[in-house]
Amino acid sequence: MKINITFPDGQTKPYEKGVTALEIASSISEGLARSVLTAKASGEVIDATLPLNKDAELQLLTWNDDGGKKAMWHSSAHLMAEALEVIYPGVKFGIGPPIENGFYYDIDLGEQTISEHDFKKIEEKMLELAREKNEYHRNEISKTDALNYFKEKGDEYKLELLHELEDGQITFYTQGNFTDLCKGPHIPNTGFIKAVKLTKVAGAYWRGDEKRKQLTRIYGITFPKQKELTEYLQLLEEAKKRDHRKLGKELELFTFSEKVGQGLPLWLPKGAALRERLENFMREAQKKAGYEPVITPHIGHKDLYITSGHYDKYGEDSFRPIKTPAEGEEFFLKPMNCPHHCEIYKSKPRSYKDLPIRLAEFGTVYRYEQSGELHGLTRVRGFTQDDAHLFCRPEQVKDEFKKVIDLVLYVFKALDFQNYTAQISLRDPKDKEKYMGGDENWEKAEIAIIEAAEEKGLKTVVEVGEAAFYGPKLDFMVKDAIGRKWQLGTIQVDYNLPERFELEYTGSDNQKHRPVMIHRAPFGSLERFVALLIEHCEGKFPLWLTPEQAAILPISDKYNDDAQNISQLLKNYDIRAFVDDRNEKTGKKIRDSEMKKVPYMLIIGEKEVENNTVSVRKQGEGDLGSFSIEKFATIINDEIAASTTKINN
RNA sequence: GCCGAUGUAGCUCAGAGGUAGAGCGCUUCCUUGGUAAGGAAGAGGUCAUGGGUUCAAUUCCCGUCAUCGGCUCCA
């Protein structure tokens, strides 16, 4: 019997029924056969060693394919499990999947513990087992036999997983002396794994449930060549150089103090100046878009949060209330600005003609985040949102929402954030208690977001269960230097707060109506935004934002006064410059300015003073030649103008 | 909050059961220099913090705090 195999280039060839992808690869070339990890047959990724029994479109997957990598790492998780079983007899296994970069396995070591100091011996054992080139054998097994196997082994985690599977679709994979419940696919044998690096150990709750037992999770990554591991490790080193915590310290943008408290950032002068420019940029953009600035206090009465629902949801997990000494009234640090803004809306009667009303505030809010979760400027306990609340008529929602999308995209474009993901976060319909408000409001809000994003042509991913407790949202997510995803811009439609605060407007029918609220923050929080900005530009900020635009470097202290004069002149052109008048050689001053990522260096010596010029050097590029001060000012201001024109078109 | 690691000078880090070191930075002096590190001298540390073991602890053990990597959470 023959079957027809169609290759990605459209060619079709007949093969014997029962042929494996690996055999097909061998028939093409030995080299190919040596690099095939798995195969995709009619859309499904399978073992390359699995017999093919019917016509199929076949794609051979190697290390260069996602499916190949995933299988490699999945098989590596099994290999690690085998090694662990040798070193830690009696270890029990949870799950061990491949992930974006490598794999992990959750294990229960009983009384034993494991730390990074133990990695070396595990890695060595893995490599030793890999060299045995043990094949990954697939076995279909009945549920009863499978249950018996893990009962005997005493692995309650695998038993729990098994109970959820149906008989007839259970497979085991065995390599060497290790057998695991697994649906595959796997690579042909362990010999493909040539380089192993265990990266971290962490506690992880069984099935992601905080209330269940915490297992030990070991992360690792493997490669088919030692060289690729070396390259990967280098890449990680490079990424660390972009880390905003490191750059923030080096460039003197922000700091933390144990005395002030964890998660409470202190903005240093350079960081504060940078942030202020960002705020002004946003103020300008919002003014054009019809927003009205408001200002509200940092605390609010407990009743405010009872009305808003925040007290119910977070009262116990927030910072403890502040009590007035005489009356014993309770106040909370504000965790959000919306309740205050709702009260501003209510300060006078509103007509349909007034809507939409757009109230904007750089509001500083405080949230008690779990201590283990704090992280540089990206996750803090006190931060400032570029917040605004739009109160509109129901028929205005979609239009307003689309305008906000435009604003967010404008901001991202201005700061060159290209690799964002637009994520629509909906509520989890199976877990309605987590959320506030009725079904009808939720449905309206979710539909409004989906339609607005669609009409704007945004490519979105939908995440169920990620909504805020009072409404669905559209978030703009960006990755940081170490690959973690963070929410920056956010837009949220809210039918619930207007109801809780009993917001109203008088319609053209002279009846009372309920407005709809849109919460939005294009930066999200200034802290987080600046953190991501630092990482994206590696501390080399756009010229209009950067703390110091130019360093003036006198060749010797004879020219210090001339340098000061030039600094004064540049101020007239709105150029931020400082004089490095240290008693150092020019080479040293240049080096230091390069390291501090100052965009321009102006070298001043005898020639320049005589000709009334400055010698211009650009960071990362080198000498540009001599220019008059006016000319230099034009260069800078043109460069800034060019970036702004680019944004506006 | 949970699991694991870490905490030594302003920064980056070395060190050892007998009370501490380097490089950079800082101060002073010499040098007055032309596009990525000129030279010398000096100041600077309750070795995170509280307790325990010991003749002796910064070093070993325990608690606390903070930081780092994950987990959970994230208005």
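Protein chains get the first letters and strands the later ones, always in sequence-line order, with residue 1 at the start of each.
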Discussion item. Short of 4.0 Å, heavy atom to strand atom, which residues of residues 464-479 of chain A count as contacting RNA chain B?
Written reply: A/A468, A/F469, A/Y470

Worksheet, complete the sentence: Note: contacts of residues 96-120 of chain A with RNA chain B (heavy atom, under 4.0 Å) are A/T113, A/I114, A/S115, A/H117

Between N or O atoms, less than 3.5 Å apart, protein on one side and nucleotides 38-45 of chain B on the other: list the pairs.
none

So which protein N/O to nucleotides 61-66 of chain B N/O distances come out below 3.5 Å?
residue	atom	partner	partner atom	Å
B/rA66	OP1	A/Q262	OE1	2.9
B/rA66	O2'	A/E258	OE2	3.4

Item to complete: Looking only at side-chain atoms of A/K200, point me to the closest of B/rU35, B/rG1, B/rG70.
Response: B/rG70

Worksheet item: A/D562 has an atom CG; how far is it from atom P of B/rG34, in whole Å?
Response: 17 Å

Practice prompt. Please list all pairs passing the salt bridge (Lys or Arg N to Asp or Glu O under 4.0 Å) test where one or both residues lie in residues 97-107 of chain A, with sequence neighbours left out.
Written response: A/E100-A/K479, A/D106-A/R217

Fill in: Rounded interatomic separation in angstrom, taking CD from A/E608 and P from B/rU35
11 Å

Worksheet item: A/D580 has an atom CG; how far is it from atom P of B/rU32, in whole Å?
Response: 19 Å

Item to complete: Check whether any side-chain N or O of A/Y219 sits under 4.0 Å from OP1 or OP2 of B/rC71, and answer yes or no.
Response: yes

Worksheet, complete the sentence: Taken to the nearest whole Å, CG/A/D480 to C1'/B/rC68 is 14 Å

Discussion item. Between A/K434 and A/D428, does any NZ, NE, NH1 or NH2 come within less than 4.0 Å of an OD or OE carboxylate oxygen?
Written reply: no

Below 3.5 Å, can you tabulate the donor-acceptor pairs from side chains in residues 609-621 of chain A to any protein atom, sequence neighbours excluded?
residue	atom	partner	partner atom	Å
A/N611	ND2	A/K607	O	3.1
A/R617	NE	A/E594	OE2	3.1
A/R617	NH2	A/E594	OE2	3.2
A/K618	NZ	A/Y600	OH	3.4
A/Q619	NE2	A/E594	O	3.1

Worksheet item: Can you name the side-chain hydrogen bond (donor to acceptor under 3.5 Å, both in side chains) partners of A/Q564, sequence neighbours left out?
Response: none

Worksheet item: So does A/Y205 reach the base of B/rG1 with its side chain, donor to acceptor, closer than 3.5 Å?
Response: yes

Worksheet, complete the sentence: Among the nucleotides B/rC74, B/rU12, B/rG69, whichever has the atom closest to the side chain of A/K249 is B/rU12

Worksheet item: OP1 or OP2 of B/rC68 less than 4.0 angstrom from a side-chain nitrogen or oxygen of A/R245, does that happen here?
Response: yes

Fill in: Nearest-nucleotide pick for A/K607, side chain only, options being B/rA36, B/rC71, B/rG34
B/rG34

Worksheet entry | Ring center gap for A/F632 and A/F627 short of 6.0 angstrom | no

Worksheet item: To the nearest Å, how far apart are A/D557 CG and B/rU28 P?
Response: 14 Å

Worksheet entry | Short side-chain N/O contact from A/H375 to OP1 or OP2 of B/rC74, under 4.0 Å | no

Response to the item:
Winner on side-chain proximity to A/I482, out of B/rG69, B/rA36, B/rU32, is B/rG69

Discussion item. Measure NZ/A/K213 against P/B/rC71 and give the value in whole Å, please.
Written reply: 20 Å

Practice prompt. Looking only at side-chain atoms of A/R484, point me to the closest of B/rA36, B/rG69, B/rC71.
Written response: B/rG69

Item to complete: Could you identify which residues of residues 546-556 of chain A place a heavy atom less than 4.0 Å from some atom of RNA chain B, listed by residue number, or say none?
Response: A/I555, A/S556

Fill in: Within residues 490-497 of chain A: residues closer than 4.0 Å to RNA chain B (heavy atoms)
none

Response to the item:
Which of B/rG34, B/rG1, B/rC71 is nearest the side chain of A/A204? It is B/rC71

Worksheet item: Partners of A/E156 by salt bridge (charged side-chain N to carboxylate O under 4.0 Å, His left out), sequence neighbours excluded?
Response: A/K92

Discussion item. Output the pairing pattern of RNA chain B as a dot-bracket string, 5' first, Watson-Crick or G-U wobble with both distances under 3.5 Å, | for cross-strand pairs, [ ] for crossing pairs.
Written reply: (((((((..((((....[..)))).(((((.......))))).....(((((..]....))))))))))))....

Worksheet item: Taking OP1 and OP2 of B/rC73, is either one under 4.0 Å from a side-chain nitrogen or oxygen of A/R379?
Response: no

Response to the item:
For A/F529, the ring-ring contact (aromatic ring centres under 6.0 Å, His included) test, sequence neighbours excluded, returns A/F417, A/F523

Fill in: Whichever of A/Q385 and A/G376 has its nearest RNA chain B nucleotide further upstream toward 5'
A/G376

